[in-house]
Amino acid sequence: MGVTGPRLLRAPGDIRSVAVPLLFAGYATSGALLVTVLHGYPASAGAGLLAVAGVVAATVISARALGARQSRAVSRSALVVAVVALLTGTGLTVAPGAAPAEPHDHGPPAARIADEPSRRFTLTAATATVDAGGRNVAAWAFNGQVPGPELSATVGDVMEVTLRNRDIGRGVTLHWHGYDVPNDQDGVPGVTQAAVRPGQEFVYRFRADQPGTYWYHTHSASDVGVRMGLYGVLVVRPGPVTGLDVTVPVHTLAGRPLPAPKVEQVEAGRPVRLRLINTDSTTHRYALAGTAYRVAAIDGVDLRGPTPLVDTAVLIPAGGRYDLVFDAPATPVALFVDGRAVYSTGPVSTATGAWPVLDPLGYGTTAPVPWSRFDKTFTLVLDRGLDLRRLVPRYAHTVNGAADPDIPPQVVRLGDVVRFTIVNRSQIVHPWHLHGHHVLVLARDGEPAAGSPLWLDSFDVRPGEVWKVAFRADNPGMWANHCHNLAHADAGMTLHLRYS
């Protein structure tokens, strides 16, 4: 209005003399709004230059269309400003090329595990047709089935898994989700290994020393690969199974929920453990009806002092796992996921939709934080915006205003105690997942965690939330750190943690 106000006060009869300044003000306001809404946090020079180019170009075109009088010098100057801003803002003045490679160490090689494997598996990735709730659909499968075979071990076993690719053109790998393997076994193409191409194979070997519920999935074109079915269950048990131990992976294939595992009859009083695994990219709501239960473990780590829960649901983020334990009652029980029964020992008519949801940050018995200081601190601001660092700008999910591969790595040293502050400035949930480490939840939105210590590898950061988590850097290498809504990771929300 500083430009248009004086012109309005002395405007002659022809409105065109003030139309151009008015339009300029409108275009500038719109440009600022678009930068805020589309680009997100923080504002960048590229976005500002693109906005300048758009405002100048729109003003010149409008002036010409209206026939407003302007000097050729002004027109040419405006055109030059718009072109320079456009070229600079989109990065077209810079020769395109890959981001500089980051030197990194994969950590202790798996070959140092010299013991003979006690558990051997072979997984062959291939296209297949599978039954998805009564309808045959095209899938990518391990050993012709979705989910792939359950891989189980007992603490102390040495696992050897041979991955073969028959015909998946985009390549495959195996990432052991939540299982903190040595870095060269983590299965991230371009970071810890090359993708396994059709006709190739790769052998993974690691020691089963972390009891708990985990899962495996491809990390090559993971958004497509996992959705198409390249995943399975990994369970490491502390010893022989007592009672009923059932894994319940939840997955949506071709828009259809896959059927639940078959249920065997359970006599009253027998201990039951349900290992719930969310292999989708979005949060699911689980409700166990017909019995009291305890949440014994989250993300493979036992909770301290879990108490019985009745008529209470749990939310499991993408990639997350909850172990529910109870003694089988004489009456039927049923597990509902988003209102759909996926496990039952008989008909249960209980309505679970209005049940409250457990907040794990206040569940169980608290314990002191094991560290009094932090050697490294990082802040991650999760947002969305335009990625302007390529020839063709793209809409991206961003971290600190940048998108993969242009997000600087977080550099730590072996032994550092590291704290992350994760801020979700966007309007959608981001399930966060750091490879190779579990993080201890310190606080959410300024409120300290008040329950059992929560060591997580997958946790939902909802819109507007601020999480503080920490871990000790004790697993050297280069590790992916990303949103586990895999479409978001594919659209830029991936960075790396690197040991110096």
Side-chain angles (χ1 to χ4, degrees), residues 28-54 88-91 99 102 222-223 281-283 315 317-320 376-411 418-435 439 441-447 456-470 479-498:
T29 303
S30 300
L33 181 62
L34 287 173
V35 169
T36 300
V37 173
L38 292 180
H39 183 269
Y41 170 89
S44 68
L49 290 168
L50 279 177
V52 169
T88 308
T90 56
E102 284 288 338
S222 58
D223 177 33
S281 280
T282 55
T283 308
L315 293 178
K376 290 286 181 68
T377 59
F378 300 100
T379 297
L380 306 180
V381 178
L382 314 181
D383 208 341
R384 73 286 173 267
L386 290 177
D387 178 14
L388 305 174
R389 293 180 173 88
R390 300 185 178 189
L391 286 174
V392 179
R394 61 167 179 163
Y395 185 81
H397 293 279
T398 61
V399 179
N400 295 344
D404 181 57
D406 299 310
I407 307 172
Q410 303 156 323
V411 182
V418 184
R419 182 177 65 190
F420 286 158
T421 299
I422 305 176
V423 182
N424 188 352
R425 192 178 176 275
S426 75
Q427 299 302 309
I428 51 180
V429 176
H430 293 297
W432 205 253
H433 175 56
L434 170 64
H435 287 212
V439 299
V441 178
L442 304 177
R444 182 186 59 212
D445 295 338
E447 291 292 327
L456 306 179
D457 59 66
S458 306
F459 54 96
D460 276 344
V461 185
R462 295 183 175 83
E465 287 187 340
V466 178
W467 286 63
K468 290 185 182 294
V469 300
W479 299 98
N481 191 15
H482 64 93
C483 177
H484 214 273
N485 185 320
L486 296 175
H488 298 174
D490 185 60
M493 196 168 272
T494 299
L495 66 157
H496 296 89
L497 176 81
R498 175 168 64 85

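The model shown is predicted, which means the values in this text are computed figures rather than measured ones. Note that the numbering runs from 1 along the sequence shown for the chain. Values below: all heavy atoms of this structure, side chains included; hydrogens, waters and symmetry mates excluded.
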Indicate yes or no: at least one non-hydrogen side-chain atom of [X] is less than 4.5 angstrom from one of [Y].
X      : Y      : result
Leu382 : Arg425 : no
Leu495 : Leu380 : yes
Val439 : Asp457 : no
Trp432 : Val469 : no
Arg384 : Tyr395 : yes
Thr421 : Val466 : yes
Val441 : Leu456 : yes

Would you name the heavy atoms of [X] and [Y] that are closest together and state the gap between them?
X      : Y      : value
Glu465 : Asp445 : CA-OD1, 3.2 Å
Val429 : Arg462 : CG2-CG, 4.1 Å
His496 : Asp404 : CE1-OD1, 4.3 Å

Is the distance between the ring centroids of His482 and His435 under 6.0 Å?
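Close enough - the centres of the two rings lie under 6.0 Å apart.
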
Aromatic contact between His397 and His430, with the criterion being ring centroids under 6.0 Å apart: yes or no?
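Here the rings of His430 and His397 have centres that are less than 6.0 Å from each other.
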
Under the side-chain contact (heavy atoms from CB on, under 4.5 Å) test against His433, which residue among Ser458, Cys483, Pro317 passes?
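Result: among Ser458, Cys483, Pro317, Ser458 is the only option passing the side-chain contact (heavy atoms from CB on, under 4.5 Å) with His433.
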
Distance-only, no hydrogens or angles: does the [X] side chain make a donor-acceptor pair with backbone N or O of [Y] under 3.5 Å?
X      : Y      : result
Asn424 : Ile428 : yes
Lys468 : Arg444 : no
Asn400 : Val381 : yes
Ser281 : Leu486 : yes

Is there a donor-acceptor contact under 3.5 Å linking the side chains of Thr283 and Asp460?
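Indeed, the side chains of Thr283 and Asp460 share at least one donor-acceptor pair under 3.5 Å.
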
Rounded to the nearest 0.5 Å, what's the gap from [atom1] on [X] to [atom2] on [Y]? Could you check?
X      : Y      : atom1 : atom2 : result
Leu442 : Glu447 : CG    : CD    : 13.5 Å
Gln410 : Thr377 : CD    : OG1   : 10.5 Å
Asp387 : Thr398 : CG    : OG1   : 9.0 Å
Asn481 : Leu497 : CG    : CG    : 6.5 Å

Could you give me the CA-CA distance, side-chain angles and deciding distance for Trp479 and Arg498, then say whether side chain to side chain contact (heavy atoms under 4.5 Å, CB included) is met?
CA-CA 6 Å; Trp479 299 98; Arg498 175 168 64 85; over 6 Å; no

ring-ring contact (aromatic ring centres under 6.0 Å, His included) involving Trp467 - partner list, sequence neighbours excluded
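Trp467 satisfies ring-ring contact (aromatic ring centres under 6.0 Å, His included) with Phe459 once adjacent residues are dropped.
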
